[in-house]
Amino acid sequence: MEEVRKSSAWVASRANHVKVDSSELERIVDKIGGSIPKFEWDFEGIHYFDNGPLTVQYLFVLDALNFCFWPDKELEYNHLALGLKEALLNDKTVLDADRLQSYTGPQLRELLKWPRVLPLEEERVRLLHEVGMELERSFGGEAVNLVKACGKSSVSLVTLVARHFPGFRDHSLYKGRQVFLYKRAQIFAADLWGAFKGQGYGFFYDISSITIFADYIVPAVLRQMGVLRYSLALSSSIDAKDEITSGSEEEVEIRACSVVAVEKMRELLETKFGKQVLSVDIDIWLWALGVQNPSLKHHRTLSIYY
Ligand SMILES: Nc1nc2c(c(CN[C@H]3C=C[C@H](O)[C@@H]3O)cn2[C@@H]2O[C@H](COP(=O)(O)O)[C@@H](O)[C@H]2O)c(=O)[nH]1
């Protein structure tokens with residue numbers, strides 16, 4: 001994930017709207033005394049798990065759809081995770097590659113037991129079809145074969161996913177340079193690692209290479225902590241719930257600076273406290289803080305990437 005770290009650092013060094021406040025970062029690291037609060041993966045108990053290939057299929061489909069819940073005030077990630085879980089418990093074939101290719105919007109809503117049109121529903125359906133088609137064409141219909149092909153490397157898994165599934169290519173252009181954030185591809189590796197507790201399909205020798213998953217919750221938590229500072233104009237437009245255009249400098253800076261802030265936090269934990277901490281663990285801590293705070297103000301971008 002060197003591309004993610006490098007391109008994010010490049011953005012942060014040229015950013016006009018977002019700043020990483022290093023002294024605030026240091027204060028936070030001192031305050032938590034060098035150890036980040038531990039959250040179990042699936043602390044909410046909402047994911048399907050059977051310790052086998054179907055869990056891998058579930059997580060891959062989940063992360064294919066793991067984006068942009070906020071346009072519907074009542075919709076959250078939990079509904080997706082739990083909806084897919086319950087659908088699978090009812091019928092083990094709902095996520096088979098051939099079925100993924102034929103879902104319509106209303107059928108997806110019915111599967112998730114969601115009463116209204118989903119945000120970006122047509123895109124969600126298109127991405128499901130893409131996943132079904134490419135799994136069938138190159139992986140015998142099963143996401144587990146993607147995992148088997150990555151040689152226990154999370155970096156290879158992210159690369160393989162991005163190579164085969166265009167919907168996971170979370171890139172943008174910033175001041176003429178390509179920036180890579182790979183939020184959903186990386187979270188797929190992290191979800192495997194979390195669900196299988198670092199064993200079997202969840203074992204990756206290089207899990208420390210994964211960065212945080214630049215979504216709309218983690219940046220908001222970092223901002224609230226004082227670690228990310230936004231320009232006055234950006235602050236007011238986020239607080240006013242204006243939409244931030246996908247691919248705008250502001251949007252790319254918010255996401256890239258979040259990655260950089262957490263990488264700096266890791267460095268500080270190591271240099272000040274001698275602690276080696278995974279970005280994945282910092283991510284789950286920050287994300288859990290964020291979703292437990294109903295008054296959190298996050299940026300709103302219509303995006304299929306997060
Ligand atoms: N950085 C980061 N972003 C994450 C997650 C997760 C869920 N991971 C699960 C896996 C194990 C854990 O136990 C979690 O349950 C979702 N998101 C993002 O949040 C946003 C949804 O927010 P809201 O609209 O309030 O539901 C949306 O962009 C979604 O893509 C994470 O872990 N890290």
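Numbers here simply count residues along the sequence, with the first being 1. In each ligand, atom 1 is the first atom listed, and ligand 1 is the first ligand listed. Being a predicted model, the structure only gives us computed values, none of them experimental. Computed over heavy atoms, backbone and side chain alike; hydrogens, waters and symmetry mates excluded.
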Exercise for the section: For Glu76, take its heavy atoms, then give the atoms of ligand 1 lying under 4.0 Å from any of them. Expected result: 26 (O)
Exercise for the section: Determine the interplanar angle of the His299 and Tyr306 rings, folded into 0 to 90°, and report it as parallel if under 30°, tilted if 30 to 60°, perpendicular if over 60°. Expected result: tilted
Practice task
Write out the residue and atom name of the closest protein heavy atom to atom 15 (O) of ligand 1, then the distance separating them to 0.1 Å.
Solution key: Glu44 OE2, 2.5 Å
Completion exercise
dist Arg116:CZ -> Leu75:CG (nearest 0.5 Å) comes out at 8.0 Å
Exercise for the section: Tell me which part of Lys183 gets within contact of ligand 1: side chain, backbone, both or neither, using heavy atoms under 4.0 Å. Expected result: side chain
Practice task
May I ask you to identify the nearest protein heavy atom to atom 23 (P) of ligand 1, giving residue, atom name and distance to one decimal place in Å?
Solution key: Tyr216 OH, 3.9 Å
Exercise for the section: Starting from atom 29 (C) of ligand 1, locate the nearest protein heavy atom and write down its residue, its atom name and how far away it is, to 0.1 Å. Expected result: Asn66 OD1, 3.1 Å
Practice task
Please determine if Arg124 forms a cation-pi arrangement with Phe69, meaning its NZ or CZ atom is less than 6.0 Å from the six-membered ring centre and no more than 45° off the ring axis.
Solution key: yes
Problem - Val4 and its side chain to side chain contact (heavy atoms under 4.5 Å, CB included) partner, picked from Thr211, Val158, Asp170, Val179 - result: Thr211
Problem - Within reach of ligand 1, part of Ile187 (heavy-atom separation under 4.0 Å) - result: side chain
Exercise for the section: Please say whether Phe213 places an N or O atom under 3.5 Å from an N or O atom belonging to ligand 1. Expected result: yes
Handout entry: Region of Trp287 that comes within reach of ligand 1 [heavy atoms, distance under 4.0 Å]
Key = side chain
Exercise for the section: Answer side chain, backbone, both or neither: which part of Phe69 comes under 4.0 Å from ligand 1, heavy atoms only. Expected result: side chain
Problem - Taking atom 22 (O) of ligand 1 as the reference point, the nearest protein heavy atom with its distance - result: Ile217 CG1, 3.5 Å
Fill in the blank from the handout: From the list Val61, Leu88, Leu89, Leu100, side chain to side chain contact (heavy atoms under 4.5 Å, CB included) with Val94 holds only for Leu88
Problem - ligand 1 to Glu40 polar contact by distance, N or O atoms, under 3.5 Å - result: no
Practice task
Starting from atom 3 (N) of ligand 1, locate the nearest protein heavy atom and write down its residue, its atom name and how far away it is, to 0.1 Å.
Solution key: Asp215 OD2, 2.8 Å
Exercise for the section: To the nearest 0.5 Å, tell me how far Asn293 CG sits from Gln224 CD. Expected result: 5.0 Å
Completion exercise
Tyr306 heavy atoms within 4.0 Å reach ligand 1 at atoms 28 (O)
Practice task
Look only at interatomic distance and state if Trp41 has a nitrogen or oxygen under 3.5 Å from any nitrogen or oxygen of ligand 1.
Solution key: no
Exercise for the section: Measure Asp42 to ligand 1 on non-hydrogen atoms and call it side chain, backbone, both or neither using the 4.0 Å cut-off. Expected result: backbone
Problem - Closest to atom 26 (O) of ligand 1 (judged by heavy-atom distance), picking from Trp70, Phe67, Tyr77, Phe39 - result: Tyr77
Exercise for the section: For the residue pair Trp10 and Tyr174, categorise the inter-ring angle as parallel (less than 30°), tilted (30 to 60°) or perpendicular (more than 60°). Expected result: perpendicular
Problem - ligand 1 versus Asp191: contacting region, heavy-atom distance under 4.0 Å - result: side chain
Practice task
Report, as yes or no, whether the 6.0 Å neighbourhood of atom CZ on Arg137 holds more than 12 heavy atoms from other residues, nucleotides or ligands.
Solution key: no
Exercise for the section: Examine the side chains of Ser156 and Ser153 and answer whether a donor and an acceptor come within less than 3.5 Å of each other. Expected result: yes
Practice task
For Val218, take its heavy atoms, then give the atoms of ligand 1 lying under 4.0 Å from any of them.
Solution key: 1 (N)
Practice task
Rounded to the nearest 0.5 Å, what's the gap from CG on Leu111 to CZ on Arg99? Could you check?
Solution key: 8.0 Å
Practice task
With rounding to the nearest 0.5 Å, note down the distance linking CD1 in Ile46 to CG in Asn78.
Solution key: 4.0 Å
Practice task
Compute the shortest N/O to N/O distance between Asp283 and ligand 1 and return yes if it is under 3.5 Å, no if not.
Solution key: yes
Handout entry: ligand 1 contacted by His298 (non-hydrogen, < 4.0 Å)
Key = no
Completion exercise
Separation between CD (Gln276) and CD (Glu270), nearest 0.5 Å, reads 4.5 Å
Exercise for the section: Within a distance under 4.0 Å of any heavy atom of Phe43, pick out the atoms of ligand 1 and give their elements. Expected result: 13 (O)
Problem - Derivation of the salt bridge (Lys or Arg N to Asp or Glu O under 4.0 Å) call for Arg229 and Asp21 - result: CA-CA 7 Å; Arg229 301 234 178 255; Asp21 186 328; 2.9 Å; yes
